[in-house]
Amino acid sequence: MIDRRLVENINFQLLFIVFILFFIGVLNLYSASAYRLEQGIGFTPFFLKQLIWGGIAFGCFFVILFIDYSHFKHFAWYLYVLAVISLALVFGFGKVVYGARRWIDLGFFHFQPSELTKISTIILVASLLSEHQEVLDVKVLSKIALVVLIPVIFIVKQPDLGTALLIIFTIAGMIFYKGVKKNIAKVLLIIFPMTLPLFWFCLHDYQKERILNFLNPSRDPLGAGYHIIQSQIAIGSGKLWGKGFLEGSQSQLRFLPEKHTDFAFAVFSEEWGFVGSVVLLFLFCFFLYQILQIAFKAKDDFGRYLVIGIFFYFFIQIVVNMGMVLGLMPVVGIPLPFISYGGTSLVMNFILIGLVTNVSMRRFIFKNT
Amino acid sequence: MSLLKPKIHWEQDYSPKFLIGGIIFIFLIFSLRLWFLQILKGDYFAKKARDNRTRLVKIYAPRGLIFDRNGKLLAYNEPAYDLAIVREDCKQKGLNVYLQYISRLFGLKVKELLEIIKKNKFRVKSFEPLVLVPNLSFRDLARVEARSEQWPGIKIIVRPRRKYSYSKPFSHVLGYVGPVNEQELKEDDSLSGGDYVGKTGLEKVFDKVLRGKKGLKKLEVNALGRVFSEQVLSPPVPGQDLVLSLDWHLQCKIYDILKGRAGAVVVMDPDTGQVLALVSSPGYDSNKLVLGVDAKEWKKLLKDPLGILQNKVVQGTYPPGSVFKLLMAGFFLEKKAKFSSKDVVFCPGYFKLGRRVFHCWKKGGHGWVDLKRAIIQSCDVYFYKESQDMDIDELHDFALANGFGVLTGISLPFEKRGLIPSRQWKLKRFKAPWQRGENLNVAIGQGYVLVTPIQVARFISALINGGFLYTPSLFLNKKQIAPKSIPINQIHRQQIVEAMIATVESPHGTARRLKIKGLTIGAKTGTAQVVKLKQEDRGKKIHEIPYRFRDHAWMASFGIIHGRKYVVVCLMVHGGHGASGAGPVVRSIYEYLSHRTKGTNK
């Protein structure tokens with residue numbers, strides 16, 4: 001049963017920010033899906049769908065609260081194996097969408113094994129890290145690397161480089177937090193820059209295109225560079241105060257591509273200007289800060305590493321998405337948490353926030369085991 | 001834990017600082033970037049956004065109209081409606097629903113529509129209209145428009161389309177327009193993709209005149225790409241109209257007379273060089289070509305056995321046959337030493353040169369003939385005998401001066417110059433010297449000689465207009481200021497013209513079937529062999545010989561109808577004998593002209 005202390009220790013500041021972000025997202029989607037017709041304003045129901053998904057996501061969030069997070073430690077391996085098996089199944093029965101094989105059609109909904117992989121890998125690595133008191137040595141590191149690489153290779157083959165990189169960097173963040181032995185750190189610092197050029201040759205042509213277009217958007221202004229140029233025009237033309245809600249000409253007139261999903265922040269920036277954008281940026285930073293606070297106050301190592309993993313998961317998405325929209329990073333298809341349209345990612349985000357809250361509310365509950 | 005040797009505790013002492021530092025770092029970096037984009041360069045991007053909204057659009061200049069000499073409209077523009085789809089606006093229902101709707105409406109396959117979309121995916125942006133079904137009929141247009149409220153993704157694009165009032169009779173003269181191709185785009189900067197340009201005929205030659213100059217307008221576009229404000233920056237300059245010398249009724253009449261048989265007819269005013277009718281039969285449907293034909297249909301046109309795409313009047317080269325005897329007569333009179341038109345030659349029906357025997361078309365022979373009788377009865381032996389010693393190079397120069405073997409300069413594309421042989425030409429072509437026997441073949445318009453009907457018409461005109469070699473004109477221009485003269489003097493021209501009139505008037509004349517009461521008509525028939533027929537085929541009736549081996553039938557004539565002069569040249573491709581193959585056509589034309597002139601005189 002839920003006792004009073006559980007409710008008291010929920011970090012309401014975090015929940016408050018999450019809901020503010022979510023409603024900003026819905027509002028922004030409302031604007032992004034509105035377009036001026038000659039008579040009045042018509043809407044495509046993206047924001048409505050997002051609201052419905054939000055309800056489902058909140059349900060998941062609520063369910064997660066009831067399960068003591070420490071149980072996940074014991075399920076870690078089962079969840080992980082399930083994720084890898086379903087990834088393998090995607091090759092056999094996956095649905096091909098936009099040339100990529102990412103989904104399993106379960107009839108009533110499309111199951112995306114890479115989402116399950118994200119959660120299970122974070123949980124498993126958190127539990128692995130919590131088993132070691134000292135900073136990591138080669139043995140543990142290679143164990144973690146193996147655990148991460150198996151699903152990542154499947155995901156790269158889908159191909160879904162964005163998700164693969166997200167998982168790798170999240171786990172790398174967790175390892176960074178935990179710390180490694182000095183000599184390993186030195187070796188990594190030397191080897192990492194050397195592997196970067198090698199990485200280039202592993203990229204698909206379209207991925208190379210994106211990077212080249214990021215470095216010089218004008219090399220293909222109507223093709224691949226179009227996103228970058230239009231996004232910057234949208235943001236820049238917002239100026240200090242923005243054009244006002246539903247007034248963004250770039251998005252309303254459809255010059256901005258993917259305005260519901262990856263470029264939702266550009267729509268927001270255009271309509272709310274520098275002031276609005278900085279406020280939103282601050283909200284995100286405060287959100288991240290609150291997650292960190294929960295991590296630092298967690299009662300055990302597993303909880304802490306779990307929340308740190310989730311912190312990096314959000315941190316990387318925010319950095320990559322905003323960096324891309326602001327023209328500071330290449331175009332990678334990663335959505336902005338709570339702002340971009342997308343049911344699956346919304347549910348995922350709320351489940352993760354559920355886990356974080358779970359850790360926060362149980363920080364004074366000690367069970368005898 | 002030793003106080004002396006404090007152990008670095010990374011996880012507790014450093015990691016949190018790094019993470020919080022990371023948050024602050026991205027806050028600063030992104031804020032700075034936002035400040036750069038929105039404050040520092042805000043005005044720049046605001047202008048860019050405005051430019052985005054305003055689009056410069058070309059205004060099509062209406063293509064010039066084409067009229068006949070009496071002001072009858074021959075080529076004009078009508079609005080054409082294309083059905084296009086704006087992919088961005090289809091999202092609510094889904095593109096597939098749209099495609100199914102369109103496929104039901106027009107009976108097209110969804111797969112084909114998808115194919116079109118795939119092809120243009122990158123060229124046409126998702127908020128721009130992509131043409132799926134061009135050239136809607138009014139019925140289809142009404143059906144689409146009636147339900148346009150429910151289908152915001154479907155757009156109707158209006159553009160001008162060329163239309164020809166009488167497409168088949170005029171197809172070779174006017175030509176047709178079609179979408180500009182890569183090559184034409186490269187050659188002309190003022191063209192842009194999707195423009196229509198003249199592909200052949202006058203549409204091609206006068207394309208720049210007809211086309212006019214495109215204007216420019218600034219559009220402000222709102223959602224759905226709909227225009228809410230419009231400002232003309234430079235108005236279009238309409239193309240110039242053309243008024244032709246052609247007579248649409250005569251042209252259509254002649255086309256009807258030919259009944260789809262392969263042939264070419266020119267009617268010229270000899271005193272000005274103006275062309276009154278220029279018919280190449282069969283004609284193609286130029287309106288259909290404007291809509292565009294698929295590869296299969298185009299191949300069929302190209303391989304048409306009657307040469308449907310060729311303008312036979314200026315692009316068709318044929319052996320002139322006996323028509324060439326008019327030029328030969330001029331040559332003998334002007335250039336042959338000690339020649340007299342009174343000299344007589346005996347025609348036994350054949351002529352021996354060395355061991356070779358050259359036949360006259362008439363087996364029994366013509367008996368004693370002078371130049372006039374030789375023309376009237378088209379006696380081959382007379383011309384064999386008189387030409388056996390001639391210098392082919394001298395004839396070559398003479399023929400060129402009379403407009404054969406050179407372009408007439410008529411303003412139609414792809415004109416052919418035909419062929420007048422010379423020693424140099426033969427050496428180059430066959431690596432062999434000129435043979436004396438070849439003179440004989442040339443003299444009766446066979447051998448290597450090739451002419452176009454327009455060259456013949458121009459030459460006949462010169463015979464009756466005082467010797468002027470006008471450039472045939474398709475326009476109502478004034479007389480050419482300094483036309484070339486043919487090297488045949490007045491007396492000699494008179495002799496040839498009299499012989500031509502006698503060819504019609506005399507009971508033995510080969511063109512006697514042209515005789516029409518009250519009209520002065522002169523003519524020369526020609527029967528041009530395509531291949532040397534085998535002896536056993538000689539006596540055969542025309543329909544017994546395979547079509548492609550049949551002779552070409554010529555009738556070169558002039559007529560004076562109530563004081564007005566006309567030159568009518570007719571060539572029936574594989575039409576058989578000149579008199580019977582081309583004669584009736586020419587007779588019908590004179591009858592029509594005479595009938596009409598009577599009508600107008602009253």
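Note on naming: letters A, B, ... go to the chains in the order of the sequence lines (proteins, then strands), and numbering restarts at 1 for each one. The figures here come from the full heavy-atom set of this structure, side chains too, leaving out hydrogens, waters and symmetry mates.
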Does [X] have more than 12 heavy atoms from other residues, nucleotides or ligands lying within 6.0 Å of its [atom1]?
X	atom1	answer
Phe27(B)	CZ	yes
Gln133(A)	CD	no
Phe106(B)	CZ	yes

Residue selection (most heavy-atom pairs with chain A, distance under 4.5 Å) from Ile23(B), Ile39(B), Leu37(B):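 Most pairs with chain A among the choices: Ile23(B).
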
Between [atom1] on residue [X] and [atom2] on residue [Y], distance to nearest 0.5 Å:
X	Y	atom1	atom2	value
Ile233(A)	Lys47(B)	CD1	NZ	10.5 Å
Ile235(A)	Phe45(B)	CD1	CZ	8.5 Å
Lys239(A)	Leu40(B)	NZ	CG	12.5 Å
Leu19(B)	Phe311(A)	CG	CZ	5.0 Å

Nearest heavy atoms of Gln38(B) and Ser269(A), plus distance in Å: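 Where Gln38(B) meets Ser269(A) most closely, the heavy atoms are NE2-O, 3.2 Å.
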
Closest non-hydrogen atom pair between Ala46(B) and Ser237(A), with its separation: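 Minimum heavy-atom separation between Ala46(B) and Ser237(A): CA-CB, 3.6 Å.
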
Among Leu288(A), Val135(A), Ile308(A), Ile318(A), residue most engaged with chain B (heavy-atom pairs, under 4.5 Å):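 Sorted descending by pairs with chain B, the first entry is Leu288(A).
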
Chain B contacts, top residue of Gly173(A), Gly238(A), Gly242(A), Ser277(A) (heavy-atom pairs, under 4.5 Å):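 It is Ser277(A).
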
Report which part of [X] has an atom under 4.5 Å of a heavy atom belonging to chain B: side chain, backbone, both, or neither.
X	result
Phe274(A)	both
Leu292(A)	side chain
Phe176(A)	both
Phe282(A)	both

Those residues of residues 29-36 of chain B, ordered by number, that approach chain A below 4.5 Å (heavy atom to heavy atom):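 The list, in residue order, reads Ile29(B), Phe30(B), Ser31(B), Arg33(B), Leu34(B), Trp35(B).
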
Results of side-chain contact (heavy atoms from CB on, under 4.5 Å) for Ala126(A) - residues two or more places apart only: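 In terms of side-chain contact (heavy atoms from CB on, under 4.5 Å), with neighbours along the sequence ignored, Ala126(A) is linked to Met174(A), Phe302(A), Tyr305(A), Leu306(A).
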
Evaluation steps, side-chain contact (heavy atoms from CB on, under 4.5 Å), between Phe284(A) and Ile26(B): CA-CA 10 Å; Phe284(A) 269 117; Ile26(B) 64 155; over 6 Å; no

